[in-house]
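Each residue takes its place number in the sequence, starting with 1. All values below were derived from every heavy atom in this structure, side-chain atoms included, with hydrogens, water molecules and symmetry-related copies excluded. What you are looking at is a predicted structure, and each value in this text was computed from that prediction instead of being measured.
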Amino acid sequence: MNVPFLDLAAQQAEVADEVIARWKQQLGAAAFVGGPEVNAFEQEYAAYIGVRHVVGVSNGTDALELAYRAVGTMPGDEIIMPANTFIATAEAASRIGAVPVFVDVDDDHLLIDPAAIEAAITPRTRVIAPVHLFGQTAPMEQIVPIAERHGLVIVEDAAQSQGASGIAGRAGSIGRVAATSFYPGKNLGAAGDAGAVMTNDPEIAQIVPNLGGHGSSVKYVHDRVGMNARLDAVQATVLRAKLRRLDGWNAARDAAAGRYAELLAGIDGLRLPAVREGNDDVWHLYVVRVDERDRVMAELGAAGIGGGIHYPTPVHLTEAYRSLGYRRGQFPVAEAAADSILSLPMFPHLTEAQQVAVAGATRAAVAGALSLALG
């Protein structure tokens with residue numbers, strides 16, 4: 001049986017009739033950028049996350065940049081973030097002249113290490129950017145006191161955690177501001193690029209749409225140098241339809257994760273993901289760690305099983321950030337994980353039969369890879 005890594009078509013089919021009907025109405029009204037549909041989504045997502053304000057924007061990277069800028073980050077300011085994140089967390093900082101400062105993660109969950117955050121703080125530190133990775137929530141109950149003690153701002157990267165929560169609350173509602181991505185593969189995905197900024201701070205809620213609308217709150221009156229980062233109504237329609245189904249889809253992901261845990265138990269050389277105490281994960285990705293990962297992934301591919309690596313190179317070792325002077329060995333947990341992590345198929349419409357096929361192929365691939373490694 002062939003099993004895709006991700007099945008977006010099944011999601012789109014579930015919402016297609018509703019979305020197409022609303023799109024036809026939008027075509028008739030010629031309401032494409034902003035407007036009632038975007039406003040309605042912002043209000044609905046704010047209620048879902050548990051924040052006062054949501055500003056829909058063009059994509060997750062722009063959402064991060066707007067969040068960094070809205071809290072007053074300036075060129076030369078340092079932003080602490082985990083080394084094992086998608087490059088957008090760092091890229092958004094670099095685009096405004098801020099300096100990404102990478103730190104290691106804990107070995108159990110691969111989430112940013114609070115002790116490493118504390119050790120990395122300097123007089124130039126402005127922001128802590130914890131990443132809620134793989135559908136988990138970072139240890140915010142430890143990070144918030146660090147930020148308060150040092151007078152720092154928390155900007156959450158909540159791109160992989162729509163609906164997740166932890167001891168300190170729901171991901172995206174804990175820091176002063178948060179950013180998320182609605183890229184199609186996310187738990188809540190658009191039919192293209194989209195993102196949002198979430199906050200309880202009314203000042204930030206005013207600054208973000210101004211910055212994202214060319215620095216203008218009144219047409220042709222520009223208060224600051226901004227950017228073009230608006231959410232269009234077509235994407236808002238898709239997001240509204242999917243938001244109504246998100247809890248159900250997340251529950252299906254959780255059930256699939258539980259099934260994987262049973263099917264993959266007891267395989268030598270395979271380490272299953274651990275759920276951090278107090279977390280309600282939404283399983284954006286199901287990430288195992290495996291010996292001889294590249295061989296295992298190749299065997300899975302040959303068997304028709306989709307897989308991914310999130311992410312194969314920690315950001316501090318990418319060519320893009322060579323100029324910062326980081327060296328291999330500085331963040332041993334993130335670096336070791338990059339060599340062993342493997343994301344197995346995970347999506348709400350994943351069937352039990354598909355998971356049985358994934359587990360069988362994985363068991364065979366791990367055994368075969370270990371046998372080859374041993375000669």
Side-chain angles (χ1 to χ4, degrees), residues 46 49-55 57 60-74 77-86 88-94 96 98-106 109-133 135-162 164-181 195-205 207-208 211 276 278-279 315:
I49 294 296
V51 295
R52 294 188 180 92
H53 309 283
V54 165
V55 181
V57 300
T61 309
D62 287 347
L64 281 163
E65 178 178 340
L66 290 164
Y68 292 153
R69 291 182 66 179
V71 299
T73 308
M74 301 296 291
D77 286 349
E78 294 177 346
I79 301 178
I80 297 174
M81 61 188 67
N84 65 331
T85 183
F86 183 56
T89 317
E91 187 178 42
S94 299
I96 60 176
V99 180
V101 173
F102 301 109
V103 299
D104 213 347
V105 295
D106 78 276
H109 312 98
L110 303 181
L111 294 167
I112 192 168
D113 182 352
I117 293 174
E118 188 106 45
I121 294 171
T122 76
R124 295 172 59 190
T125 305
R126 171 69 181 171
V127 171
I128 302 172
V131 177
H132 303 307
L133 198 66
Q136 308 170 87
T137 306
M140 299 301 292
E141 75 284 357
Q142 299 176 53
I143 296 170
V144 169
I146 294 172
E148 291 175 345
R149 190 159 57 247
H150 293 275
L152 303 176
V153 178
I154 293 176
V155 175
E156 298 173 70
D157 183 337
Q160 296 189 3
S161 62
Q162 290 107 355
S165 62
I167 296 171
R170 178 155 278 193
S173 70
I174 305 164
R176 186 176 176 195
V177 62
T180 197
S181 166
V197 176
M198 298 87 77
T199 186
N200 287 310
D201 187 323
E203 181 181 2
I204 290 177
I207 292 172
V208 169
L211 282 170
R276 188 171 174 273
N279 266 5
V315 184

Donor-acceptor pair, Q162 side chain versus S181 backbone, under 3.5 Å?
-> yes
Heavy-atom side-chain proximity of E91 to E65 below 4.5 angstrom = no
Min side-chain heavy-atom separation H53-P202 under 4.5 Å | yes
CG of N84 to CG of D104, rounded to nearest 0.5 Å, is 8.0 Å
Taking atom CD1 of I112 and atom CZ of F102, what is their separation to the nearest 0.5 Å?
-> 11.0 Å
Residue pair R276 / L111, side-chain heavy-atom distance below 4.5 Å = yes
Which atom names give the shortest non-hydrogen contact between A93 and M81, and what distance separates them?
-> CB-CE, 4.4 Å
Note: Q142 and P114 closest approach over all heavy atoms is OE1-CG, 3.4 Å
What pair of heavy atoms forms the shortest contact from P100 to S94, and how long is it?
-> CG-OG, 3.8 Å
First locate atom CD1 of I128, then atom CG of L152, and finally report the distance between them rounded to the nearest 0.5 Å.
-> 5.0 Å
Contact summary for P82 and A129, nearest pair of heavy atoms = CD-O, 3.6 Å
Intermediate values then yes/no, side chain to side chain contact (heavy atoms under 4.5 Å, CB included), M140 and H132 = CA-CA 10 Å; M140 299 301 292; H132 303 307; 3.8 Å; yes
In Å and rounded to the nearest 0.5 Å, what is the OH to CD1 distance from Y68 to I79?
-> 5.0 Å
Looking at side-chain heavy atoms only, is the closest gap between V177 and D201 below 4.5 Å?
-> no
Backbone N or O of V57 within a donor-acceptor pair of the D62 side chain at under 3.5 Å?
-> no
Decide yes or no on side chain to side chain contact (heavy atoms under 4.5 Å, CB included) for V144 and I174, but give the supporting numbers first.
-> CA-CA 8 Å; V144 169; I174 305 164; 3.9 Å; yes
So T89 and V315, side chain to side chain contact (heavy atoms under 4.5 Å, CB included) or not? Walk me through it.
-> CA-CA 9 Å; T89 317; V315 184; over 6 Å; no
dist M74:CE -> R126:CZ (nearest 0.5 Å) comes out at 9.5 Å
Measure the shortest side-chain to side-chain distance between V155 and V71 over non-hydrogen atoms and say whether it is less than 4.5 angstrom.
-> yes
Nearest atoms (heavy-atom pairs only) where T73 meets A98 = CG2-CB, 3.8 Å
Any donor-acceptor N/O pair, T199 side chain to R176 backbone, under 3.5 Å = yes
Please step through side chain to side chain contact (heavy atoms under 4.5 Å, CB included) for the pair R124 and V99, ending with a clear verdict.
-> CA-CA 9 Å; R124 295 172 59 190; V99 180; 3.9 Å; yes
Partner of P130 under side-chain contact (heavy atoms from CB on, under 4.5 Å), chosen from I154, I117, T137, T85 | I154
Can you see which heavy atom on L211 is nearest to which on A70, and at what distance?
-> CD1-N, 4.2 Å
Could you tell me whether the side chain of N200 and the main chain of V51 form a donor-acceptor pair under 3.5 Å?
-> no
Between the CG atom in L133 and the NE2 atom in H109, the distance rounded to the nearest 0.5 Å is 12.5 Å
